[in-house]
Amino acid sequence: MNIEEYKTVLSEKLTAKRYFHSLCVADEAKRLADKYGADSERAYLAGLLHDITKNLPEKEHLKIFHDFGIMLSDIEKNAFKLWHAISGTAYLKNVLDIKDCEVLSAVRYHTTAKEDMNLLEKVLYIADFTSQDRDYDDVDVMRKLADESLESAMIYALKYTINELCEKNAAIHPDTVKAYNKLMLRNEEK
Ligand code: DGI
Ligand code: FE
Ligand code: FE
């Protein structure tokens, strides 16, 4: 499939707002990829497709997990917002037949992040926070950091997410904790 065909599929699966978000994240991921030396075509594609299952009802996610033999941890079972990163990756791989492991992995970890992320994974994770459609309170700070260094943007984004989750009494996924701890340990070494 080419980009235009992917856009058609997306526009049919997503609400207008979520489709617009996907186009904005694709543009932002490409911009950050060019800036930091990641593959800009892969970044654009990963950005475009990252939320492909975001608007599916619960039972459709469960069908994808069942069909493709995916087991969720207890934390994942209880956090519906994490499902689309997992079901989305399975959908891209098994239904849209996307074979690019880098694109698949960037999509897989775009919500929780993880320990030891590669450049493309970081670019997508940050682009999801700094895309043009975003308008949360700290977005200007986040955009400034994203233009200074990916690492400082990662730290800020993880802190922001962890703080939000704590305020909502939500569980924090171990991948998110590991991503945060790794960056903090690296800072201590300096
Ligand atoms: O899909 P988007 O809205 O574009 O953004 P996203 O995929 O980053 O999802 C953000 C949501 O995911 C936000 O409401 C917080 C939630 N989330 C992120 N990390 C964790 C988490 N929820 C739980 N329970 N645990 C996490 O570690
Ligand atoms: Fe998402
Ligand atoms: Fe998103």
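Side chains included, hydrogens not; waters and symmetry mates left out as well; all remaining heavy atoms used. Both ligands and their constituent atoms are indexed starting at 1 by order of listing.
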Open item on the list: Do E121 and S105 pair up side chain to side chain, a donor and an acceptor below 3.5 Å, judged on atom types alone?
Closed with: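 Per modelled atom types, E121 and S105 side chains form a pair under 3.5 Å.
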Task: More than 12 heavy atoms of other groups within 6.0 Å of K93 NZ - done: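 Counting neighbours around NZ of K93, 12 or fewer heavy atoms of other residues, nucleotides or ligands fall under 6.0 Å, so no.
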Open item on the list: Tell me whether H50 has any N or O atom under 3.5 angstrom from an N or O of ligand 1.
Closed with: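 Not met; the criterion fails.
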Task: Metal-centred angle, the Fe ion (ligand 2) as apex - NE2 of H84, NE2 of H110, 10° resolution - done: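 NE2 of H84, the Fe ion (ligand 2) and NE2 of H110 span an angle of about 90°.
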Suppose we measure from [atom] to each protein heavy atom; which comes out shortest, and what is that distance?
atom                    : result
atom 1 (O) of ligand 1  : K54 NZ, 2.8 Å
atom 21 (C) of ligand 1 : L82 CD2, 3.5 Å
atom 5 (O) of ligand 1  : D128 OD2, 3.4 Å
atom 25 (N) of ligand 1 : A171 O, 3.0 Å
atom 7 (O) of ligand 1  : T111 OG1, 2.7 Å
atom 16 (C) of ligand 1 : K81 CB, 4.1 Å

TODO: Report the member of D175, L165, T112 with the shortest heavy-atom distance to atom 20 (C) of ligand 1.
DONE: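 Of the listed residues, L165 has the closest heavy atom.
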TODO: Could you check whether the rings of Y125 and F129 sit parallel, tilted or perpendicular, using 30° and 60° as the cut-offs?
DONE: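 Rings of Y125 and F129: tilted, as their planes differ by 30° to 60°.
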Open item on the list: Looking at ligand 1, is there an atom of it that comes within less than 4.0 Å of some heavy atom belonging to R18?
Closed with: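 Yes, R18 has heavy atoms under 4.0 Å from ligand 1.
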Open item on the list: Below 4.0 Å from ligand 1: does a non-hydrogen atom of E76 turn up there or not?
Closed with: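 The answer is no, since E76 has no heavy atom less than 4.0 Å from ligand 1.
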TODO: Look at D51 and state whether any of its N, O or S atoms is less than 2.8 Å from the Fe ion (ligand 2).
DONE: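 It does; at least one qualifying atom falls short of 2.8 Å.
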Task: N/O/S from H50 sitting under 2.8 Å away from the Fe ion (ligand 3) - done: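 Of the N, O and S atoms in H50, at least one lies under 2.8 Å from the Fe ion (ligand 3), which means yes.
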Open item on the list: So if I count the atoms of ligand 1 from 1 in the order they appear, which ones are less than 4.0 Å from some heavy atom of H21?
Closed with: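 So the atoms of ligand 1 that pass are 4 (O).
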- [ ] Find, among atoms of D128 that are N, O or S, the one nearest to the Fe ion (ligand 3), and state its name.
- [x]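 Looking only at N, O and S atoms of D128, the one nearest the Fe ion (ligand 3) is named OD1.
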Open item on the list: Is there a side-chain contact between I52 and K13 in this structure, where contact means two heavy atoms from C-beta onward sitting under 4.5 Å apart?
Closed with: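 When only atoms from C-beta onward are counted, K13 and I52 do touch, with a gap below 4.5 Å.
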- [ ] For the pair D51 (side chain) and K54 (backbone), establish whether a donor and an acceptor sit closer than 3.5 Å, ignoring hydrogens and angles.
- [x]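 No, the answer is negative, given that no donor and acceptor are paired below the 3.5 Å cut-off.
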